[in-house]
Amino acid sequence: MNELLRIYLEFFSNFCSCLFLFRFTESYMPRRISLKDKLILIIAYFIYSIPAHIPFSVLISYLLEILFLFKCMYPHVKKIFITFVKCNLFSYTFLAMTLFIHTFIMGDADTLSSSLIYRTYKSLIVCFLLYVIYVLYTNTKKMKDFHSHYQLSFNLVILSISLMLSYVTLYICRENSTTYTLPAIFSTIALLIIVCISLYDKFLALVAENTRHKIQSELDRMEKEYSNQIESNLTELHAIRHDIKNHLIIIDGYATQHNYEKIRAYIQKINGSFQSSPLFDTPSSTVSALLNEKYHIAKNKVLDCRIQTDFPYIHIDDFSIITILGNLFDNAITAAAKCESGWIHVDISQSDSYLEIAMENNHTEKILEKNGDFISTKGDKNLLHGIGLKNVRQAIDTLNGQISISHTAETFHVNILVPNY
């Protein structure tokens, strides 16, 4: 095999391994790996690819990976070695599976055993396919809450192009393994696929940022409204304190006259002027704002909404608690509003080290389930307890919590336990 071709093939194979390592490592890190750290490892692998025969090459490869992980994840030494072991177990297992399936489909076992250059190209292609499949898998996990058909289309297109690339590469290699057109074609298409994947990663990051921005905007709006309600209640309280003396003088005058009917009527008049919606005050301003927001929505729909809270603190992030409570309330309000006398009962309390959320509402529509998910009874796909509950389940799974759902012909009950410590 030509020496330059050998260096090229070996480096590109190591480059694919680097890309896989970057993606795998980032799933165990709260932040992305810096471009500088990535370039250092790629350059090290390029230098590593130049010599034809390196003693203990596998050990050197492992050493480079461990040093890279130390650079990215120090001082979490235990996590570094766990990530290293998991990454290699995963890659070797799926490389073997991909190689077996690809060889079975291509029917090239004889060529693989007889041609060194064909075997080298095959190894490169399998490494590349492993990276592509792992990227598509991780991106699908990121996007599963958005239920977008674009994700499926992107996966199918990229996977199809990658498989076509592998077929064309090996076909040309089998017909003419010495041509320099082959590495040029392979490099061009492979790099285009990598660029497409990188751009799609940017798109996913933009979608996630946009989602966080919307959640934060909604939270800011609710907290501002909650603050206005508190200010309004304080103003009302000050007015009561200012006028209470005059009210007492009038009531005392009626009492002197033994005119109890007027006393009662006057007290009812005062009480009517003080009627206002209850203001929920919890240890979390986020929960307080959301409860007041949903309570007013329920009241505007003439629903009997009863909310009880009893928890000393919240150690659950705002995004998760908004997702859980917001979707539960939206589903409950939608369902109860269709009843003649709709009602919603909510109880949020601390149970040992868990936050317990119990929500119950009445409904009139028939509830349909499919594979554990609730589906719509309407043609417009306006779900009764559908997409919202999928998002709730995802948030609870992320928090390592539990959810149980039960329903009758008239009521729907959700009980949630999530760690709160």
Side-chain angles (χ1 to χ4, degrees), residues 1-24 42 45-46 48-49 52-53 57-58 61 86-141 151-198 200-201:
M1 186 190 304
N2 182 282
E3 185 65 12
L4 288 177
L5 182 60
R6 181 198 62 78
I7 294 173
Y8 159 78
L9 292 175
E10 189 165 341
F11 170 68
F12 210 108
S13 179
N14 289 331
F15 179 66
C16 292
S17 299
C18 286
L19 294 178
F20 174 78
L21 179 63
F22 299 154
R23 176 67 64 139
F24 194 91
I42 291 172
Y45 264 115
F46 175 73
Y48 169 78
S49 303
H53 301 287
S57 59
V58 175
S61 175
K86 283 186 175 180
C87 180
N88 281 280
L89 284 176
F90 184 93
S91 62
Y92 283 128
T93 302
F94 281 87
L95 278 173
M97 290 175 57
T98 306
L99 179 61
F100 175 79
I101 295 171
H102 195 273
T103 303
F104 178 78
I105 294 174
M106 293 285 295
D108 57 355
D110 293 338
T111 309
L112 193 62
S113 60
S114 60
S115 173
L116 174 61
I117 191 168
Y118 188 88
R119 188 160 60 248
T120 306
Y121 268 111
K122 182 82 166 186
S123 300
L124 171 58
I125 285 169
V126 169
C127 289
F128 181 72
L129 287 177
L130 172 67
Y131 166 68
V132 171
I133 292 170
Y134 186 74
V135 167
L136 299 183
Y137 166 73
T138 53
N139 284 347
T140 301
K141 286 185 66 177
Q151 173 67 23
L152 179 60
S153 301
F154 177 82
N155 287 355
L156 290 175
V157 169
I158 292 296
L159 189 58
S160 299
I161 295 174
S162 301
L163 291 174
M164 183 62 68
L165 172 63
S166 71
Y167 175 79
V168 171
T169 300
L170 294 178
Y171 177 80
I172 296 175
C173 182
R174 186 182 295 178
E175 296 297 319
N176 186 5
S177 60
T178 59
T179 177
Y180 284 96
T181 306
L182 181 55
I185 293 174
F186 179 83
S187 300
T188 303
I189 299 178
L191 289 175
L192 283 175
I193 293 173
I194 293 171
V195 168
C196 288
I197 288 173
S198 299
Y200 195 70
D201 283 344

query: C173 and I117: side chain to side chain contact (heavy atoms under 4.5 Å, CB included), yes or no, with the steps?
result: CA-CA 8 Å; C173 182; I117 191 168; 4.3 Å; yes
- request: Starting from the C-alpha separation in whole Å, work towards a yes-or-no answer on side-chain hydrogen bond (donor to acceptor under 3.5 Å, both in side chains) for S17 and Y131.
  value: CA-CA 8 Å; S17 299; Y131 166 68; over 6 Å; no
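Atom OG1 in T93 sits 10.0 Å away from atom CG in N88 (nearest 0.5 Å).
No side-chain heavy atom of M106 sits under 4.5 Å from any side-chain heavy atom of I125. Looking only at side-chain heavy atoms (C-beta outward), F128 and T169 stay at 4.5 Å or farther from each other.
A donor-acceptor pair is defined here as one N or O able to donate and one able to accept, closer than 3.5 Å; such a pair exists between the side chain of T138 and the backbone of V135. With hydrogens and angles ignored, the 3.5 Å screen pairs no side-chain donor or acceptor of S61 with any backbone N or O of S57.
Ring geometry for F90 against F20 counts as parallel: the plane angle stays under 30°, on a 0 to 90° scale with 60° as the upper cut. Under the 30°/60° scheme for interplanar angles, the aromatic rings of F154 and Y200 are found to lie parallel.
Outside the 6.0 Å centre-distance limit, the rings of Y134 and F94 are not counted as a close aromatic pair. Ring pair Y48/Y45: centre-to-centre distance below 6.0 Å.
Pairs engaging residues 163-184 under the salt bridge (charged side-chain N to carboxylate O under 4.0 Å, His left out) rule: none recorded [sequence neighbours left out]. Sorted by first then second residue, the salt bridge (charged side-chain N to carboxylate O under 4.0 Å, His left out) pairs that include residues 118-130, not counting sequence neighbours, are D108-K122.
The 12-atom threshold is exceeded at OH of Y8, counting heavy atoms of other residues, nucleotides or ligands nearer than 6.0 Å.
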